[in-house]
Amino acid sequence: MQAQRLMFLRRVAWKLNPLSKSRFFSSDGTHDFTKAISELNKEMESVFGEPPSSSLASSLDSPTMVQESHLATNDVNEKESTPSLSGLTHIGSRGEAQMVDISSKEITKRVAIASCKVVLGHKVFDMVSANQLQKGDVLGVAKIAGVSGAKQTSSLIPLCHNINLSRVHVDLTLNPRDFSIEIRGEASSTGKTGVEMEALTAVTVAGLTVYDMCKAASKEIVITDVRLEHKSGGKSGDWSRKK
């Protein structure tokens with residue numbers, strides 16, 4: 001038995017010696033290495049009477065190892081793709097919603113401009129232009145509604161601060177090229193927090209008012225492109241949307 005084991009070890013050394021590093025890491029090196037291990041396993045079975053409990057070849061092809069490797073890779077990718085909650089000021093350390101504490105912020109002049117578009121269609125556009133709708137002056141009523149909406153922002157948006165607005169201005173312009181009304185709203189204040197939400201609320205409420213006054217004439221009206229165009233003031237400074 002001792003002689004058989006010695007011969008077996010010599011054969012192991014002989015089989016593994018040709019598998020140099022360059023060959024081992026070549027495109028077919030894994031196949032050669034696995035084949036050599038398979039042959040050695042057969043010799044071990046003949047010498048020791050039973051197959052080994054595990055082998056390098058089987059471990060290379062083990063579904064468990066492949067699955068664990070896949071899970072580990074997915075875990076890394078998930079960590080890399082998951083955004084940090086630290087950048088969301090309305091989320092607490094435990095993920096709960098919270099109102100931002102602005103007590104330590106500086107008082108500066110804040111201005112925000114927002115816009116949206118209401119696509120009416122040819123028929124309704126002509127009726128609005130001629131002021132022929134049953135509910136009356138669409139542009140005039142929507143303008144007042146936008147100003148009123150900006151003043152009610154903190155009541156509509158749960159985590160907004162109730163701020164003193166210095167000015168709210170809403171403009172509605174008829175655009176005959178696509179039969180739409182273009183709405184632009186500006187809000188300003190001198191305080192510790194921005195007025196982006198007030199400007200966005202102004203144009204949104206104005207757009208909804210246009211829809212309400214025109215819906216009897218058409219149900220295909222679309223309110224679209226609600227967006228912030230510009231903001232200034234505060235720690236983050238000025239920002240403008242790229243054209």
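Heavy atoms only: backbone and side chains are in, while hydrogens, waters and symmetry mates are out.
At least one side-chain heavy atom of Val141 sits under 4.5 Å from a side-chain heavy atom of Met213. In this structure, the side chains of Arg110 and Thr190 stay at 4.5 Å or more apart for every pair of heavy atoms. Side chains of Ile181 and Asn175 form no contact here, defined as non-hydrogen atoms less than 4.5 Å apart. Taking 4.5 Å as the limit, every side-chain heavy atom of Cys116 sits out of range of all side-chain heavy atoms of Asp225.
Residues that satisfy the side chain to side chain donor-acceptor pair (under 3.5 Å) test with Lys215, not counting sequence neighbours, are Asp212. Residues that satisfy the side chain to side chain contact (heavy atoms under 4.5 Å, CB included) test with Phe125, not counting sequence neighbours, are Leu120, Ser129, Leu174, Pro176, Phe179.
For NZ of Lys235, the number of neighbouring non-hydrogen atoms (other residues, nucleotides, ligands) closer than 6.0 Å is 12 at most. Environment of NZ in Lys123: sparse, with no more than 12 heavy atoms of neighbouring residues, nucleotides or ligands closer than 6.0 Å.
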Worksheet item: Can you check side-chain contact (heavy atoms from CB on, under 4.5 Å) on Tyr211 and Ile223, steps first, answer last?
Response: CA-CA 8 Å; Tyr211 187 95; Ile223 302 173; 4.2 Å; yes
Discussion item. Run the side-chain contact (heavy atoms from CB on, under 4.5 Å) test on Ser148 and Val205 for me, step by step, so that the C-alpha distance in whole Å, both residues' side-chain angles and the decisive distance to 0.1 Å come before the verdict.
Written reply: CA-CA 9 Å; Ser148 299; Val205 172; over 6 Å; no
Worksheet item: Taking it one step at a time, do Val119 and Ile221 satisfy side-chain contact (heavy atoms from CB on, under 4.5 Å)?
Response: CA-CA 6 Å; Val119 182; Ile221 299 169; over 6 Å; no
Discussion item. Let's go through Leu172 and Val170 carefully: what are the C-alpha distance in whole Å and the side-chain angles of both, what is the deciding distance for side-chain contact (heavy atoms from CB on, under 4.5 Å) to 0.1 Å, and is it a yes or a no?
Written reply: CA-CA 7 Å; Leu172 293 92; Val170 179; 3.9 Å; yes
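In this structure, CE on Met197 lies 8.0 Å from OG1 on Thr204, to the nearest 0.5 angstrom. In this structure, NZ in Lys117 is found 8.5 Å from CZ in Arg227, a value given to the nearest 0.5 Å. Here the straight-line distance linking atom NE2 of His230 with atom CD of Glu196 works out to 10.0 Å at 0.5 Å rounding. Put simply, NZ on Lys143 and NE2 on His169 are 5.0 Å apart, with the number rounded to the nearest 0.5 Å. Between atom OG1 of residue Thr193 and atom NZ of residue Lys105 there is a gap of 5.0 Å, rounded to the nearest 0.5 Å. Separating the NZ atom in Lys151 from the CG atom in Asn162 is a distance of 12.0 Å, to the nearest 0.5 Å.
The nearest pair of heavy atoms linking Gly207 to Val118 is CA-CG2, 3.8 Å. Among all heavy-atom pairs drawn from Cys160 and Ser154, the shortest one is O-CB, 3.8 Å. Pairing each heavy atom of Ala187 with each of Val195, the nearest pair is O-CG2, 3.2 Å. Shown here for Val124 and Ala217, the closest heavy-atom pair between the two residues is CG2-CB, 4.0 Å. Across all their heavy atoms, Val168 and Ala150 have their closest contact at CG1-CB, 3.8 Å. When all heavy atoms are compared, the tightest approach of Gly149 to Thr201 is O-CG2, 3.4 Å.
Lys109 and Ser189 form no side-chain donor-acceptor contact under 3.5 Å, judged by distance and modelled atom types alone. Between the side chains of Glu229 and Ser115, at least one donor N or O lies within less than 3.5 Å of an accepting N or O.
Looking at Arg184, its side chain never comes within 3.5 Å of a backbone N or O of Ala114 through a donor-acceptor pair. Without hydrogens or angle criteria, Lys231 side chain to Gly233 main chain gives a donor-acceptor distance under 3.5 Å. A distance-only check finds a donor-acceptor pair linking the side chain of Ser218 to the backbone of Glu220 [under 3.5 Å].
Clustering ILVMFWY residues whenever any of their side-chain heavy atoms sit less than 4.5 angstrom apart, transitively, puts Ile144 in a cluster other than the one holding Ile183. Put simply, Val203 and Val111 are part of two different groups of oily side chains (I, L, V, M, F, W, Y) that touch within less than 4.5 Å, one to the next.
Salt-bridge annotation for Lys192 and Glu106: absent, with no side-chain N of the basic residue lying under 4.0 Å from a carboxylate O of the acidic one.
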